[in-house]
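None of the values given here were measured: they were computed from a predicted structure. Chain naming here is simple, since letters A, B, ... match the order of the sequence lines and numbering starts at 1 in each.
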There are 2 protein chains.
Amino acid sequence: MSTFTEENYLKAIYKLGHRGEDWVSTNSLAEILNTKASSVTDMVKKLAEKDFVNYKPYTGVNLTAKGLEIAVGTIRKHRLWEVFLVERLDFKWDEVHEIAEELEHINSDELVLRLEKFLGYPKYDPHGDPIPDRNGKVLHHKNRVLSDLKINEEAIIVGVKEHAPSFLQYLEKHNLLLGTRIKVRNKFEFDHSLVVEVKGIENTVSHQVAKNLYVVNE
Amino acid sequence: MSTFTEENYLKAIYKLGHRGEDWVSTNSLAEILNTKASSVTDMVKKLAEKDFVNYKPYTGVNLTAKGLEIAVGTIRKHRLWEVFLVERLDFKWDEVHEIAEELEHINSDELVLRLEKFLGYPKYDPHGDPIPDRNGKVLHHKNRVLSDLKINEEAIIVGVKEHAPSFLQYLEKHNLLLGTRIKVRNKFEFDHSLVVEVKGIENTVSHQVAKNLYVVNE
DNA sequence: TTAATTTTTTAGACTTATCTAAATTTTTTA
DNA sequence: TAAAAAATTTAGATAAGTCTAAAAAATTAA
Ligand SMILES: [Mn+2]
Ligand SMILES: [Mn+2]
Ligand SMILES: [Mn+2]
Ligand SMILES: [Mn+2]
């Protein structure tokens, strides 16, 4: 069994671990968990004690198989609940993250399985993030972002890298929702902004926005 | 704001307070909260500090308006989630209590309102218990139990006083689900058991069962 | 390659919720 | 109404998770 706090630490380690480095630093964890480095050191020692992480002093931590299972399971619950909130309770995609942060810690395997069935076995959450299956398998294929596209390339928006409500609201206002087909009309060297065509209308998009939108061709 | 633990204490005080006494004792709380009397004493002092309860040493506690609001709000959430689990996720009525014990602590007013709407504003939970409305109003009218009926009286089962899964499973096996019309055919002085007619079939029911089934005439 | 800076850990303290054992108060019994 | 029993509170500890301040280690810069 794992607590609310432990699940949040494991999830954070998972997310940082997938940003490239194989050892996640104390400081980076402290930052995304809104806590202090000294608290993180204490906590990761306890997680190592329970065999959820490997901990090397002054180097960092990474997940054991046991820790990975909990982290992915928690993310699976988070994303399934987000689908429920948006598709069944009519929440907007920028309103669900905080609530899902609580719901993800409800522990009942049966509940998750039935929720998943009720929702029709969704593959992605409202932000385009893949939902791990019951065995912990996760699809990973969102490698390109809008700013990677060349002039005249066409693509479809499939996800967001940044999840801040303000960003999601911006996308909604500018018709840049998931599933939208876009074409790059122009790119500017100066500030890396680009002009995209959305439903026949041209729009200027900043680099800040373009690098946070996942796209696929066709 | 109130924590998981505080909400459980307030809910317990509410339930015990509605069993007659105006002051709820330390020991009775310790029993239903599966904790020790000394822990309860510590906790109720903190609750009094926050103005959730009135506390009189050696006498007991009762809820303030603030405490009552939290208690009823928590019960409201619990029962709405139970409806969701049974009606939407196809859980059986004896499987939902433990999960609802966790879900009831998710704090988002918006979530509760939308869940209630999604469920079609149910008035009762799967065990026949009334769901408090958004203003904290609760319907209370389950005064009679099966054992109160006289011979030849007819009634409909509308709720259970005991919520143990084993009792609920017993009722299911014996066709004594909510909404069932029954008629008392005989009553035995000796052990207070009674014979009831259910869908044309006669069944013997123990006093233990009969006193835990809420009924209404007509 | 020493000095300065940054990162990480340790030490000691605090809060919440719990426990056991002992003390105190209330209730019951004789 | 005094003694016995039961209920309740207090005292002192513990575990989880957090903090600040200080020490130690690692990294970067001169
Ligand atoms: Mn989210
Ligand atoms: Mn999401
Ligand atoms: Mn219940
Ligand atoms: Mn119920």
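One can place CG of B:L47 at 10 Å from P of C:dT18, the figure rounded to the nearest angstrom. Separating the CH2 atom of A:W23 from the P atom of C:dT8 is a distance of 14 Å, rounded to the nearest angstrom. Here the P atom of nucleotide C:dT16 and the CG atom of B:L33 are 19 Å apart, to the nearest Å. Put simply, NZ on A:K36 is 12 Å from C1' on D:dA21, counting in whole angstrom units. Residue A:N8 contributes atom CG, which lies 17 Å from atom P of D:dA16 at whole-angstrom precision. Remark: C1' of D:dT9 and CG of B:L29 are 15 Å apart, rounded to the nearest angstrom. Straight-line distance from the CD atom of B:E31 to the P atom of D:dA6: 15 Å, rounded to whole Å. Distance A:D42 CG to D:dT20 P: 13 Å, rounded to the nearest Å.
No donor-acceptor pair closer than 3.5 Å links the side chain of B:N135 to the backbone N or O of B:K137. At least one donor-acceptor pair under 3.5 Å links the side chain of B:D148 to the backbone N or O of B:V145.
For B:S25, whose side chain is taken as the heavy atoms from C-beta onward, the closest listed nucleotide among C:dT8, D:dT8, D:dC19 is D:dT8. Nearest nucleotide to the side chain of A:Y55, out of C:dT18, C:dT9, D:dT9: C:dT9. Out of C:dT18, C:dT8, D:dC19, the shortest distance to the side chain of A:T26 is found at C:dT8. The side chain of A:K45 lies closest to C:dT10, out of D:dA16, C:dT9, C:dT10. The side chain of B:Y58 lies closest to D:dT9 when the candidates are D:dT9, C:dT9, C:dT10.
At a threshold of 4.0 angstrom between heavy atoms, the contacts of B:T5 are confined to the sugar-phosphate backbone, with no base atom among them. Using a 4.0 Å heavy-atom cutoff across all strands shown, A:F4 reaches no nucleic acid atom at all.
For the 3.5 Å distance criterion, the side chains of A:S25 and A:N27 fail to qualify, holding no donor opposite an acceptor.
No N or O donor and acceptor, one from the side chain of B:S38 and one from the base of D:dT8, sit under 3.5 Å apart.
For D:dT8, the OP1/OP2 oxygens have a side-chain nitrogen or oxygen of B:N27 closer than 4.0 Å. Here A:T35 does not reach the OP1 or OP2 of D:dT18: none of its side-chain N or O atoms lies under 4.0 Å away. Distances shorter than 4.0 Å separate some side-chain N or O of A:S39 from OP1 or OP2 on D:dC19.
Between A:E6 and B:P57, the one whose closest nucleotide on DNA chain D sits nearer the 5' end is B:P57.
When both pairing distances are held under 3.5 Å, D:dC19 makes a Watson-Crick or G-U pair with C:dG12. In a base pair of the Watson-Crick type (N1 to N3 plus N6-O4 or O6-N4) or a G-U wobble (N1-O2 and O6-N3), with each distance short of 3.5 Å, C:dA22 is matched with D:dT9. In a base pair of the Watson-Crick type (N1 to N3 plus N6-O4 or O6-N4) or a G-U wobble (N1-O2 and O6-N3), with each distance short of 3.5 Å, C:dT6 is matched with D:dA25.
Tested against B:E104, the residues B:R79, B:K11, B:K77 include a single salt bridge (charged side-chain N to carboxylate O under 4.0 Å, His left out) partner, B:K11.
With B:F84 as the aromatic partner, A:R88 does not meet the cation-pi criteria of under 6.0 angstrom to the ring centre and within 45 degrees of the ring axis.
Interatomic distance, CG of B:L63 versus OH of B:Y9, reported as 14.0 Å (0.5 Å rounding).
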